[in-house]
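Taking it in order: structure first as structure tokens, then the write-up.
The chains referred to below are lettered A, B, ... by the order of the sequence lines, with proteins before strands, and numbering in each begins at 1. Keep in mind that the numbers below use all heavy atoms, side chains included, and drop hydrogens, waters and symmetry copies.
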Protein chains: 2
Amino acid sequence: MRLVTSQNAAAKKKTAARRVRAPRMDSGERKRMIVEKAIEYFAKNGFEGSTRDLAREIGVAQSLVYRYFPKKELLLDQVYEEVYLARWNPLWESDLRNRDVPFEARLKKYYLDYAQNVLRNDWVRILIFAGLKQEGINDRLFKLLHDSIFTTVITEFHHAFPSPTSIDRDKDKRELELELVWSLHASIFYISMRKWVYKTKIPSKINSVIEVLVEGFIESLKHLNRGGVPLDQAAKSHADLPKRNSFKLASQLARS
Amino acid sequence: MRLVTSQNAAAKKKTAARRVRAPRMDSGERKRMIVEKAIEYFAKNGFEGSTRDLAREIGVAQSLVYRYFPKKELLLDQVYEEVYLARWNPLWESDLRNRDVPFEARLKKYYLDYAQNVLRNDWVRILIFAGLKQEGINDRLFKLLHDSIFTTVITEFHHAFPSPTSIDRDKDKRELELELVWSLHASIFYISMRKWVYKTKIPSKINSVIEVLVEGFIESLKHLNRGGVPLDQAAKSHADLPKRNSFKLASQLARS
DNA sequence: GCTCGTATTTATCAAATGACCACTATATCG
DNA sequence: CGATATAGTGGTCATTTGATAAATACGAGC
């Protein structure tokens, strides 16, 4: 499959239809076009995809890509920037804070909108490819999520469902609350992974699913604040499990 | 960085310390060793990692790898098999079914154990690399998860928390229940992704987090069965949202 | 200690790939 | 129409990489 006899190679060279010269475009437009096709291409093939292949998809000579992006790396950077920060909606945070709307409705609106804008083929795959390749590249995004969404969600929850003990939330409890928000985020992100990475079937009524997830999230938060696991009880709660489990797991994730 | 002057190249060749001949090993042992190192190597570098690099890590000549795996592809297949199916514990399903133990405890035990066995560096990264590269490769794993875990969890939940209406669960409701199980799975998987793909900090008390997630999951299932969103109400529940959202989202995920 | 099987290595090939440069063609402007 | 700027192309180089084959060296058995 990889091996091609030199005869074949020669034949291919002879047969190779002379390239139809690509139409002359404005420099800026061409650059945009390259980036857009690159997003599509690298989302499909990973960052190890070749510039030749990409150029073929664009319908342009390989060397032209290098006119606009002297290093492949620069193109990849551009692809990453384009995909991410471009799709962040600054209204999300302020809408989440708008107490004229019921908390649950705000949450649903946000997550429906987030899913719609962000959980697409290109987005998910490029995010993951980038994460796998160079750690830390998504830190900005996570900071954004944390600072403007996650903390807001928790704050607004406590405003919507004030609890008598909510004043003395200790560090552990705050961490667990944050984990519940991560969990909601993960659940929705994973739907997109199932579709665009694993290519499995997902339910058609995604919007209903998201609403159920949001409702479940609120229930979970309530449960946690109701004192379901005030952490001093947490130890007791799995007292019937072999104690080793917890330790082994913790060390497992710590090491490798 | 890629460009090396021919002088450098020559110098490198001259300098290249003569390989210390690798100790002669039993054929079977060597094969095992190669696979093990390959798991580690490809988990880190992705399946595009080179056989030369791998051989260097093993401390062996590149061509030796080809003695045991005549095609790189064959080695990759082996790596995949090794990582996956090897770690599946058949007891999980039967333990989940053991009604002598309270439902919640069974769930916690399973998810703590699953996390411990499965959410490691190699496992997560190889699963994702594989999924990104060739769609469908994880189908077997998902079928296993679905058939022996997810459906069991739902069955056992209904046994533990029988509800008057639980007889007439329609198709939509069953789908939503399944999605809640997916959501729990996703939440735990994502913790591992945060650690091993994105390399961000995760809470130290992972076991507590998992327990909270399991409790939240049960609350969510209860909520769903309590009639929180009997689907005829689902439409109403976000009546205050722009209707377009739902449609746009659905079509978004459908197309791209 | 010599022979022989085979684990391991060195050397090499063909293809693919990132990068570069000189050349060509085309649109625009006087 | 002819000059000019520049978008676009072909060809090529050095390196990397999967793959192969011939040469080497190690250890077991006589």
Checklist entry - Once you round it to whole Å, what is the distance between P of C/dA22 and CG of A/Leu64? => result 18 Å
Checklist entry - Which word best sums up how the rings of B/Tyr190 and A/Trp182 line up, parallel for under 30°, tilted for 30 to 60°, or perpendicular for over 60°? => result tilted
Write out a two-atom table: protein N or O, nucleotide N or O from nucleotides 24-30 of chain D, distance below 3.5 Å.
unit_1 : atom_1 : unit_2  : atom_2 : d
D/dT24 : O2     : B/Arg21 : NH2    : 3.2
D/dC26 : O2     : B/Arg24 : NH1    : 2.9

Next on the checklist: For B/Arg87 and B/Glu82: C-alpha separation, side-chain torsions, deciding distance, then whether salt bridge (charged side-chain N to carboxylate O under 4.0 Å, His left out) applies.
Outcome noted: CA-CA 8 Å; B/Arg87 296 201 191 157; B/Glu82 201 85 4; over 6 Å; no
Checklist entry - Which pair of heavy atoms, one from B/Leu132 and one from A/Arg125, lies closest together, and at what distance? => result O-NH2, 3.1 Å
Next on the checklist: Any residue in residues 26-47 of chain A with a heavy atom nearer than 4.0 angstrom to DNA chain D? Just list them by number, or reply none.
Outcome noted: A/Ser27, A/Arg30
Checklist entry - Which listed nucleotide (D/dG8, C/dG18, D/dA21) is nearest to the side chain of B/Ser63? => result D/dA21
Checklist outcome for this item: Heavy-atom nearest nucleotide on DNA chain D taken for A/Gln62 and for A/Pro23; more 5' hit belongs to A/Pro23
Checklist entry - What integer distance in Å separates A/Ile58:CD1 from D/dG8:C1'? => result 13 Å
Checklist outcome for this item: Note: contacts of residues 65-79 of chain B with DNA chain C (heavy atom, under 4.0 Å) are B/Arg67, B/Tyr68
Next on the checklist: Tell me the interatomic distance from A/Arg52, atom CZ, to C/dA19, atom P, rounded to whole angstroms.
Outcome noted: 11 Å
Checklist entry - Given D/dT16, is OP1 or OP2 found less than 4.0 Å from the side-chain N or O atoms of B/Ser50? => result no
Next on the checklist: Expressed as a whole number of angstroms, how long is the span from B/Leu54:CG to D/dT17:C1'?
Outcome noted: 13 Å
Checklist entry - To the nearest angstrom, how far is A/Met25 atom CE from D/dG8 atom P? => result 7 Å
